[in-house]
A.B. asks: 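Structure below; questions to follow.
Proteins come first, then strands; the chains are lettered A, B, ... in the order of their sequence lines, and each starts at number 1.
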Amino acid sequence: MQRWSRLFIPTLREAPADAEVASHRFLVRAGYIRQLAAGIYSYLFLGTRSFNKIMAIVREEMDRIGQEFYLPALHPRELWEASGRWALMGENLFRLKDRKGADMCLGMTEEEVMTSIALKEMRSYKQLPQIWYQIAPKFRDEPRPRSGLLRVRQFMMKDSYSFDIDAAALDVSYKKHYDAYCRIFDRCGLKYMVVEADSGAMGGKESHEFMVRTPAGEDQIVSCDGCDYAANMEKATSKLEEVPDLSAFEDGKPLLVHTPGQKTIEDVAKFLGVSPKNKIKTLALMADEFDAAGKKKSSRAIVVLMRGDHQLNEAKLNGTVATATRPMEEAEIEALFNSPAGYLGPMGIEWARDLKDHKGKPVLLVDKALEGRTNLIGGANKKDYHLKNLTPGKDFQPTAYADLRAVTAGEACPNCGKPLRIDTAVEIGHIFKLGYRYSESMGLRVLDKNGKEVMPIMGCYGIGIERILTAAVEQGNDENGFWLPSSIAPFEVVVAPVNVKDEAVRNSAEDIAKRLETAGMDVILDDRDERPGVKFKDADLVGIPFRVTVGKKVTEGTVEVVFRSTREVRDVRISAIVEQFQELLGRTE
RNA sequence: CGGGGAGUGGCUCAGCCUGGUAGAGCACCUGGUUCGGGACCAGGGGGUCGGAGGUUCAAAUCCUCUCUCCCCGACCA
């Protein structure tokens, strides 16, 4: 039996000053974790117990759909060169050299290793489908670790990879993961939602994120209370109200208007007596390209036109142009527009015709909200002047139209029209149709039924183990501490004798703890010679969902069962304690 | 990487401005009294004041450099 008095559970009265979010404060205070360095944490006894329970659930559910592997974290450079990610990953990849000077890295994920195994061993379509997974540490040199366990540099990840003969088969593997993830998060007692996610620049087709709403989260998700619509910001759209276009001024051709000193959208709109909705917002951006050594190689201009009152979503833009962007510097603006900022517009510049094949010309992206609009007002690329009568597609040719707009709360749901809400959330899982990204770059081929070489199609699927713990703590805490769902709590029940020097109380507590344990429950006996207040405070702090308080009422054959989450207190006959917990913990065997 | 903040015993912090040989509360150890919501009394142990250099008779305190950590942003398969 686990006795508190002999365990190492260093609880703290006060949280470390640098812990801000609830989960960080409480996990440290409760003695689950200690920090080793920025974004690197040690798990102590309670933390490890909880962690192991989470991993056991993940393992059980994953074993139903796949096979567990155990892969190295230390990878040779060549492997990452083969997939192209050695250069792509930049500084987030931990790199090191071995004694011979050979480049190595610490795995951020295991696509390369998994694919290399498939590559060497897989020959026939008959070996497909395969789902391989592991639960192992991952390393990412994050620019800014934060919020305790929420964003760390070493973390435990369940990552799995599917290999299928074709897209239809991938759909099956994908669905298996989707369902397994739901079972995992249900069993972990999390209130989560599944959102459509953008598959980004990796060429994937479909992607879902499993999110838990919490103010501590780093991601924003858009969802609808009226229907089941949910998406992350990169993917979210909304129904826009129709905006009446201005009628053409004079002959309808672009018309120069004098707007001295009017630089902002609001100023110009007010000056000309129109709504910002009839204005074009011109954003001047640059995409820098880097060589393998991380030196800037070249830059190209990317200009984005938005409706005057809309905001750009950078993730959408990055996905569209498949690269990161930054605002142009003043000199770059002058060079392209021949005009100071504040009067920028799309006219008089030769834009690329094709987004992919841009031939080094500047790219003009126009947000979909401007598609079909007429007689807009935009900058004239001339100091103190704007243009009226601008119609996209007629007066200037965009390189492409794209959805680049950031959805804001309260806009209409694209499915049902009800107002959308935006919440911050933590991403606990992500499933992702990879497509042929790695099969192609690494040369994975099998023979199909006809003896023809084909590329297997892949999927990858991740779960952040510490994020499950973090999300659970964020989901259930108050000023005194937190409570975990019994499935992932380090112990299900803490038995707390109010005074261990009282023999009747002590013996009864021992007896109760023993009987609960024999009945298969995870019990800790707080046998410390401490005052009751100390035990209660600690019990409230450390995340155990149920407490049995053994006190004076033992003489009447009664103890109290305290529900941590609701603070409900129930008197229970000692003789019925096992049955009581079998019911509470849903174990009626 | 840009902006902001902080490093003094295990935790929370004071002392720094105005240099003079390091303190409080909690935690810990011993003894005693207590015992249903972080007890009380008495005694005790523990600190290169993040590091290096400098100024000075003298540096936690002033100056320079540097490291680390936290927060906001950028970034985030």
A.B. asks: What's the gap between B:G19 and B:G32 when it is taken at their C1' atoms, as a whole Å value?
C.D. replies: 45 Å

A.B. asks: Once you apply a heavy-atom cut-off of 4.0 Å, does A:Pro497 come out as touching a base, just sugar-phosphate, or nothing?
C.D. replies: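 It contacts nothing in the nucleic acid.
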
A.B. asks: Nearest to the side chain of A:Ala17, which nucleotide is it out of B:G38, B:C13, B:C35?
C.D. replies: B:C13

A.B. asks: How would you label the contact of A:Pro16 with the nucleic acid (heavy atoms, under 4.0 Å): base, sugar-phosphate, or nothing?
C.D. replies: sugar-phosphate

A.B. asks: Between B:G36, B:C69, B:G73, spot the one nearest the side chain of A:Asp18, thanks.
C.D. replies: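 The nucleotide sitting nearest to the side chain is B:C69.
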
A.B. asks: Would the number of heavy atoms belonging to other residues, nucleotides or ligands and lying under 6.0 Å from CD of A:Glu81 be above 12?
C.D. replies: yes

A.B. asks: Determine the interplanar angle of the A:Tyr41 and A:His24 rings, folded into 0 to 90°, and report it as parallel if under 30°, tilted if 30 to 60°, perpendicular if over 60°.
C.D. replies: perpendicular

A.B. asks: May I ask you to check whether A:Trp483 and A:Phe563 place their ring centres under 6.0 Å from each other?
C.D. replies: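 They do not qualify: ring centres at least 6.0 Å apart.
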
A.B. asks: Counting heavy atoms not belonging to A:Glu503, are there more than 12 under 6.0 Å from its CD?
C.D. replies: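 Counting other residues, nucleotides and ligands, CD of A:Glu503 stays at 12 neighbours or fewer.
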
A.B. asks: Just to be sure I understand the rule, does A:Lys501 reach a base, reach only the sugar-phosphate, or reach nothing, if contact means heavy atoms closer than 4.0 Å?
C.D. replies: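 Since a base atom lies under 4.0 Å of A:Lys501, the category is base.
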
A.B. asks: Carefully, step by step, assess A:Phe546 and A:Phe581 under the rule ring-ring contact (aromatic ring centres under 6.0 Å, His included).
C.D. replies: CA-CA 9 Å; A:Phe546 298 103; A:Phe581 274 106; 5.6 Å; yes

A.B. asks: On a whole-Å scale, what distance lies between the P atoms belonging to B:G46 and B:C1?
C.D. replies: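 It works out to 42 Å between them.
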
A.B. asks: Between A:Gly39 and A:Thr11, which residue's closest nucleotide on RNA chain B lies nearer the 5′ terminus?
C.D. replies: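 It is A:Thr11, whose closest nucleotide lies nearer the 5' terminus.
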
A.B. asks: Check every strand shown and say whether A:Glu427 touches a base, only sugar-phosphate, or nothing at a heavy-atom separation below 4.0 Å.
C.D. replies: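 Touches nothing.
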
A.B. asks: Indicate whether OP1 or OP2 belonging to B:C70 is found under 4.0 Å from a side-chain N or O atom of A:Gln35.
C.D. replies: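 It does, given that an N or O in the side chain of A:Gln35 lies less than 4.0 Å from OP1 or OP2 of B:C70.
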
A.B. asks: Under 4.0 Å between a side-chain nitrogen and a carboxylate oxygen: does that hold for A:Asp540 and A:Arg567?
C.D. replies: yes

A.B. asks: For the base of B:G3, is there a side-chain donor-acceptor partner from A:Arg144 under 3.5 Å away?
C.D. replies: no

A.B. asks: Can you tell me the pairing partner of B:C57 across any strand shown, Watson-Crick or G-U wobble, with both distances under 3.5 angstrom?
C.D. replies: B:G20

A.B. asks: If you check every side-chain atom of A:Met89, which of B:A77, B:A27, B:C71 has the closest atom?
C.D. replies: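 Of the options given, the side chain of A:Met89 lies nearest B:A77.
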
A.B. asks: Below 4.0 angstrom, which residues in residues 559-577 of chain A have at least one non-hydrogen atom near RNA chain B?
C.D. replies: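 Residues of residues 559-577 of chain A under 4.0 Å from RNA chain B: A:Glu560.
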
A.B. asks: A:Ala38 side chain: which of B:C69, B:G36, B:G38 is closest?
C.D. replies: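 Looking only at side-chain atoms, A:Ala38 lies closest to B:C69.
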
A.B. asks: Look at all strands and tell whether A:Glu20 reaches a base, only sugar-phosphate, or nothing, counting heavy atoms closer than 4.0 Å.
C.D. replies: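 It contacts sugar-phosphate atoms only.
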
A.B. asks: What is the nucleic acid contact for A:Ala19, judged by heavy atoms within less than 4.0 Å: base, sugar-phosphate only, or nothing?
C.D. replies: nothing

A.B. asks: Quick one: do A:Asp423 and A:Gln220 satisfy side chain to side chain contact (heavy atoms under 4.5 Å, CB included)? Show the steps, please.
C.D. replies: CA-CA 6 Å; A:Asp423 301 273; A:Gln220 294 211 301; over 6 Å; no

A.B. asks: Rounded off to whole Å, could you give me the CD-to-P distance for the A:Glu314 and B:C75 pair?
C.D. replies: 5 Å

A.B. asks: Using a cut-off of less than 4.0 Å, is there contact between a side-chain N or O of A:Arg29 and OP1 or OP2 of B:C11?
C.D. replies: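 So the side-chain polar atoms of A:Arg29 never come under 4.0 Å of the phosphate oxygens OP1 or OP2 of B:C11.
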
A.B. asks: Base, sugar-phosphate, or nothing: which does A:Asp538 touch, judged by heavy atoms less than 4.0 Å apart?
C.D. replies: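 Base contact.
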
A.B. asks: Once you round it to whole Å, what is the distance between P of B:C72 and CG of A:Leu150?
C.D. replies: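 A:Leu150 atom CG is separated from B:C72 atom P by 11 Å.
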
A.B. asks: Looking across every strand, which nucleic acid part, if any, lies under 4.0 Å from A:Ser83 by heavy atom: base, sugar-phosphate, or nothing?
C.D. replies: nothing

A.B. asks: Can we say A:Lys281 and A:Asp367 salt-bridge, meaning some charged N sits less than 4.0 Å from an Asp/Glu carboxylate O?
C.D. replies: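 Salt bridge between A:Lys281 and A:Asp367, a charged N being under 4.0 Å from a carboxylate O: no.
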
A.B. asks: Any side-chain N or O of A:Arg140 below 4.0 angstrom from OP1/OP2 of B:A77?
C.D. replies: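 Checking B:A77 against A:Arg140, no side-chain N or O comes under 4.0 Å of OP1 or OP2.
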
A.B. asks: Starting the side chain at C-beta, find the nucleotide from B:C76, B:G36, B:A77 nearest to A:His430.
C.D. replies: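 Ranking B:C76, B:G36, B:A77 by closest atom to the A:His430 side chain puts B:A77 first.
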
A.B. asks: Counting only side-chain heavy atoms from C-beta out, which of B:A77, B:G36, B:C70 sits nearest to A:Phe536?
C.D. replies: B:G36

A.B. asks: Rounded to the nearest angstrom, tell me the gap between atom CD1 in A:Ile40 and atom P in B:C69.
C.D. replies: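 About 8 Å, once rounded to whole Å.
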
A.B. asks: What is the distance, rounded to the nearest whole Å, between atom NZ of A:Lys537 and atom C1' of B:A27?
C.D. replies: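 Taking atom C1' of B:A27 as the reference, NZ of A:Lys537 is at 17 Å.
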
A.B. asks: Are A:Phe69 and A:Trp132 close enough that their ring centers fall under 6.0 Å?
C.D. replies: yes

A.B. asks: Considering only atom C1', compute the distance from B:U68 to B:G31 and round it to an integer number of Å.
C.D. replies: 42 Å

A.B. asks: Tell me the interatomic distance from A:Asp502, atom CG, to B:U34, atom C1', rounded to whole angstroms.
C.D. replies: 15 Å

A.B. asks: For atom C1', what is the distance between B:G47 and B:G9, given to the nearest Å?
C.D. replies: 5 Å

A.B. asks: What integer number of Å spans the C1' atoms of B:C65 and B:G23?
C.D. replies: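 Going atom to atom, C1' in each nucleotide, I get 30 Å.
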
A.B. asks: What is the nucleic acid contact for A:Arg34, judged by heavy atoms within less than 4.0 Å: base, sugar-phosphate only, or nothing?
C.D. replies: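 Nothing, no nucleic acid heavy atom in range.
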
A.B. asks: Between B:G2 and B:A77, how far apart are the C1' atoms? Round to whole Å, please.
C.D. replies: 26 Å

A.B. asks: Given that both distances must come in under 3.5 Å, which nucleotide forms a Watson-Crick or G-U wobble pair with B:A39?
C.D. replies: B:U33

A.B. asks: Quick one: look up who B:C69 pairs with, Watson-Crick or G-U, both distances under 3.5 Å, and put none if it's unpaired.
C.D. replies: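 Check on B:C69: paired to B:G5, both distances under 3.5 Å.
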
A.B. asks: Please state the P separation for the pair B:C67 and B:A52 - nearest whole angstrom.
C.D. replies: 15 Å

A.B. asks: Whole-Å distance between B:A14 C1' and A:Glu14 CD?
C.D. replies: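 Distance check: A:Glu14 CD to B:A14 C1' gives 14 Å.
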
A.B. asks: Please report whether the ring centroid of A:Phe185 lies less than 6.0 Å from that of A:Phe210.
C.D. replies: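 Yes; A:Phe185 has its ring centre under 6.0 Å from that of A:Phe210.
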
A.B. asks: So which one's nearest nucleotide on RNA chain B is more toward 5', A:Ser147 or A:Cys460?
C.D. replies: A:Ser147

A.B. asks: Searching all strands shown, indicate the nucleotide that pairs with B:A52 (Watson-Crick or G-U wobble; both distances under 3.5 Å).
C.D. replies: B:U64

A.B. asks: Apply ring-ring contact (aromatic ring centres under 6.0 Å, His included) to residues A:Tyr178 and A:Tyr461 and explain how you reach the verdict.
C.D. replies: CA-CA 9 Å; A:Tyr178 190 108; A:Tyr461 317 86; over 10 Å; no

A.B. asks: For A:Asp540, which contact category applies under a 4.0 Å heavy-atom criterion: base, sugar-phosphate, or nothing?
C.D. replies: base

A.B. asks: Just N and O in the side chain of A:Arg531: are any of them under 4.0 Å from OP1 or OP2 of B:A39?
C.D. replies: yes

A.B. asks: How long is the line joining CZ of A:Arg13 and P of B:A24, in whole Å?
C.D. replies: 18 Å

A.B. asks: Write down the distance separating the P atoms in B:U34 and B:U48, rounded off to the nearest Å.
C.D. replies: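 The same atom, P, in both gives a distance of 40 Å.
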
A.B. asks: Can you tell me the Watson-Crick or wobble partner of B:C26, both distances under 3.5 angstrom?
C.D. replies: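 Pairing partner, where one exists within any strand: B:G10.
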
A.B. asks: How many whole angstroms separate atom CZ of A:Arg151 from atom P of B:C69?
C.D. replies: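 Distance, rounded to whole Å: 17 Å.
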
A.B. asks: Can A:Arg95 be said to sit on top of A:Trp86's aromatic six-ring, NZ or CZ under 6.0 Å from centre and within 45° of the ring axis?
C.D. replies: yes

A.B. asks: Of the nucleotides B:C71, B:A27, B:G36, which one has an atom closest to the side chain of A:Lys553?
C.D. replies: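 My answer, after comparing the listed nucleotides, is B:G36.
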
